[in-house]
Amino acid sequence: MSATLMDGKAVAARMTAEIASDAAAFQHATGVVPHLVAVLVGDDPASAVYVRNKQKACEKAGLKSTLHRLPTETPEADLLRTVEQLNANSEVHGILVQLPLPKHICEQVILDAVVAHKDVDCFHPHNVGLLVQGRPRFLPCTPAGCQRLLAEYKIETAGAHAVVLGRSEIVGKPMAMLLVQRGAVADATVTICHSRTRELASIVRQADIVIAAIGKPRFVTADMVKPGAVVIDVGINREGDKLVGDVDFEPVSQIASAITPVPGGVGPMTIATLLRNTLTAAQLFAG
Ligand code: NDP
């Protein structure tokens, strides 16, 4: 492997330590302990692991976390009521509804119901609007985690061609939006690709920075990557009991100048950003 390994686990640990110190200072000044509530509906094992990891990370940073577990068959109206109660609870600063929700529940309805100043996932239209305008209240967790990795490894983004694979609301679109803003670790020329993109491989080959977020194991192969490109792999795919990304890691790491591993790359950065957003939410509440 010739590429630099972008170690998300190590960077996230540093971020968590920073957040712990900021949260302690905040608590000292205000008496408030930032409190994240995770709502988990159903018994999807992967979702349960994600929520547990987020709770463990909260503990490490000195934030309070509470889990609301609801059965799969919970009616949409009951889940809405839970969200409204959390919105109204002044001891709750951040609300996280773990996705995916069971099929009978409309995710959009639930996510829109989370009040904007507790929306630590940055999904609310108000928060997305602020992000698009370059004055975010909260940072989109996974994209901001990728951006922080670019910053930590001193990757030049100004004027670089960044190709984002995927156009989801959670990763692709906000990732493109962060990179196209004016300012540090941004100012990139951004192309977004999706399942209807023509000549996708030739577009990816033009990229100085590739962000892969499509959910297809090893989709980005070595022949699609320009020598020296930086490759960020957001994908989490299960192959048996192994996790693999959207990038064919071994061959691509021979060609790229820097690359994130899966696991241990973007995943921990996503969680660290969620903690930062929870502290921000508590600070907004106190202020
Ligand atoms: P979605 O399924 O919501 O979106 C996938 C996107 O990829 C869509 O825009 C889709 O296009 C596009 N796509 C799918 N197949 C192709 C293809 N063959 N060629 C080009 N584009 C394609 O996924 P998410 O954005 O939620 O997640 C993407 C991956 O990232 C998943 O593996 C997920 O597990 C992982 N993930 C990891 C996180 C982390 O913290 N590391 C956090 C969130 C997600 P179209 O819109 O046309 O359908």
Side-chain angles (χ1 to χ4, degrees), residues 6-9 11-13 15-16 38 44-57 96-101 103 106-108 111 120-123 128 138-150 162-179 190-207 210-221 223-225 231-239 242-249 259-277:
M6 302 169 84
D7 186 346
K9 205 172 163 191
V11 175
M15 278 175 77
T16 304
D44 175 50
S47 293
V49 171
Y50 292 146
V51 167
R52 204 174 314 125
N53 289 343
K54 289 167 186 173
Q55 289 200 286
K56 275 194 209 151
L96 156 92
V97 180
Q98 184 63 42
L99 302 178
L101 291 171
K103 296 253 178 303
C106 175
E107 287 185 354
Q108 195 73 71
L111 296 181
V120 286
D121 266 329
C122 194
F123 290 154
V128 175
F138 297 118
L139 295 168
C141 296
T142 301
C146 296
Q147 194 182 33
R148 174 78 185 248
L149 274 179
L150 292 171
V163 173
V164 178
L165 292 174
R167 58 173 165 182
S168 69
E169 307 301 331
I170 179 169
V171 190
K173 280 193 208 167
M175 184 73 249
M177 207 40 66
L178 285 181
L179 290 173
V190 180
T191 303
I192 305 178
C193 296
H194 47 78
S195 67
R196 307 297 299 273
T197 298
R198 293 193 191 123
E199 309 290 347
L200 182 140
S202 76
I203 296 171
V204 178
R205 258 193 300 276
Q206 293 167 34
V210 180
I211 316 258
I214 61 174
K216 298 263 182 288
R218 306 176 208 269
F219 180 90
V220 177
T221 47
D223 60 319
M224 291 165 71
V225 176
V231 179
I232 303 229
D233 190 353
V234 179
I236 302 176
N237 308 290
R238 268 159 225 284
E239 276 187 350
K242 203 172 160 218
L243 288 185
V244 298
D246 289 347
V247 174
D248 197 7
F249 181 84
I259 189 167
T260 59
V262 175
V266 174
M269 298 298 294
T270 299
I271 296 180
T273 310
L274 175 73
L275 301 183
R276 174 55 72 185
N277 283 345

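Along the sequence shown, the residues carry numbers beginning at 1. Just follow the structure's listing: the first ligand is 1, and inside any ligand the first atom is 1. Not measured: the values here are computed from a predicted model.
Scanning both residues, Ala272 and Thr16, for their nearest heavy atoms gives CB-OG1, 4.4 Å. Minimum heavy-atom separation, Pro268 to Ala12: O-CB, 3.5 Å.
Nearest to atom 42 (C) of ligand 1 among the protein's heavy atoms is Thr142 OG1, 3.2 Å. Scanning the protein heavy atoms around atom 24 (P) of ligand 1, the nearest turns out to be Ser168 OG, 3.7 Å. From the protein, the heavy atom lying nearest to atom 19 (N) of ligand 1 is Phe219 CZ, 3.7 Å. In terms of protein heavy-atom proximity, atom 36 (N) of ligand 1 is nearest to Val234 O, 3.7 Å. For atom 43 (C) of ligand 1, the closest heavy atom belonging to the protein is Val171 CG2, 3.8 Å. Of all protein heavy atoms, the one lying nearest to atom 9 (O) of ligand 1 is Arg167 N, 2.8 Å.
With a heavy-atom cut-off of 4.0 Å, Ile170 touches ligand 1 through its side chain alone. No part of Leu165 comes within 4.0 Å of ligand 1, judged by heavy-atom distances.
The shortest N or O to N or O distance between Asp246 and ligand 1 is not below 3.5 Å. In terms of N/O distances under 3.5 Å, ligand 1 is approached by Ile236. Geometrically, ligand 1 and Arg196 share no nitrogen or oxygen pair separated by less than 3.5 Å.
Of the listed options His194, Glu169, Met269, Lys216, Lys216 places a heavy atom closest to atom 15 (N) of ligand 1. When Asn237, Leu243, Ile214, Ile232 are checked for heavy-atom proximity to atom 13 (N) of ligand 1, Ile214 turns out nearest. Of all the listed residues (Gly235, Ser195, Ala212), Ser195 holds the heavy atom that lies closest to atom 22 (C) of ligand 1.
Below 4.0 Å from some heavy atom of Gly166 lie the following atoms of ligand 1, by number and element: 6 (C), 7 (O), 9 (O). Interface of Gly215 with ligand 1, defined as ligand atoms under 4.0 Å from a residue heavy atom, comprises 28 (C), 29 (C), 31 (C), 32 (O). Near Thr270, meaning under 4.0 Å from one of its heavy atoms, ligand 1 places the atoms 39 (C), 40 (O).
The shortest distance between side-chain heavy atoms of Asp121 and Cys141 falls below 4.5 Å. Looking only at side-chain heavy atoms (C-beta outward), Met269 and Cys146 stay at 4.5 Å or farther from each other. Side-chain contact between Met6 and Ile259 is absent, with no heavy-atom pair separated by less than 4.5 Å. Using a 4.5 Å heavy-atom cutoff, the side chains of Ile211 and Leu179 are in contact. The closest side-chain heavy-atom distance from Phe219 to Asn237 is not below 4.5 Å.
Here the options are Val234, Asp233, Val231, Val247, the test is side chain to side chain contact (heavy atoms under 4.5 Å, CB included), and the partner is Thr260; only Asp233 passes.
With hydrogens and angles ignored, the 3.5 Å screen pairs no side-chain donor or acceptor of Asn277 with any backbone N or O of Phe138. The main-chain N or O of Phe249 is never found under 3.5 Å from a side-chain atom of Arg218 such that the two would form a donor-acceptor pair.
At least one heavy atom of Gly267 sits closer than 4.0 Å to an atom of ligand 1. Note on ligand 1: Ala213 sits in its first shell, one or more heavy atoms being nearer than 4.0 Å. Not close to ligand 1: Thr197, with no non-hydrogen atom less than 4.0 angstrom away.
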Checking side-chain contact (heavy atoms from CB on, under 4.5 Å) for the pair Arg205/Val225: CA distance, chi angles, key distance, verdict? CA-CA 5 Å; Arg205 258 193 300 276; Val225 176; over 6 Å; no

Apply side-chain contact (heavy atoms from CB on, under 4.5 Å) to the pair Leu200 and Met224, showing each step before the final yes or no. CA-CA 9 Å; Leu200 182 140; Met224 291 165 71; 3.7 Å; yes

Run the side-chain contact (heavy atoms from CB on, under 4.5 Å) check on Leu139 and Cys122 step by step: do they pass? CA-CA 6 Å; Leu139 295 168; Cys122 194; over 6 Å; no

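Distances from atom 2 (O) of ligand 1 to the protein include no heavy-atom value under 4.0 Å.
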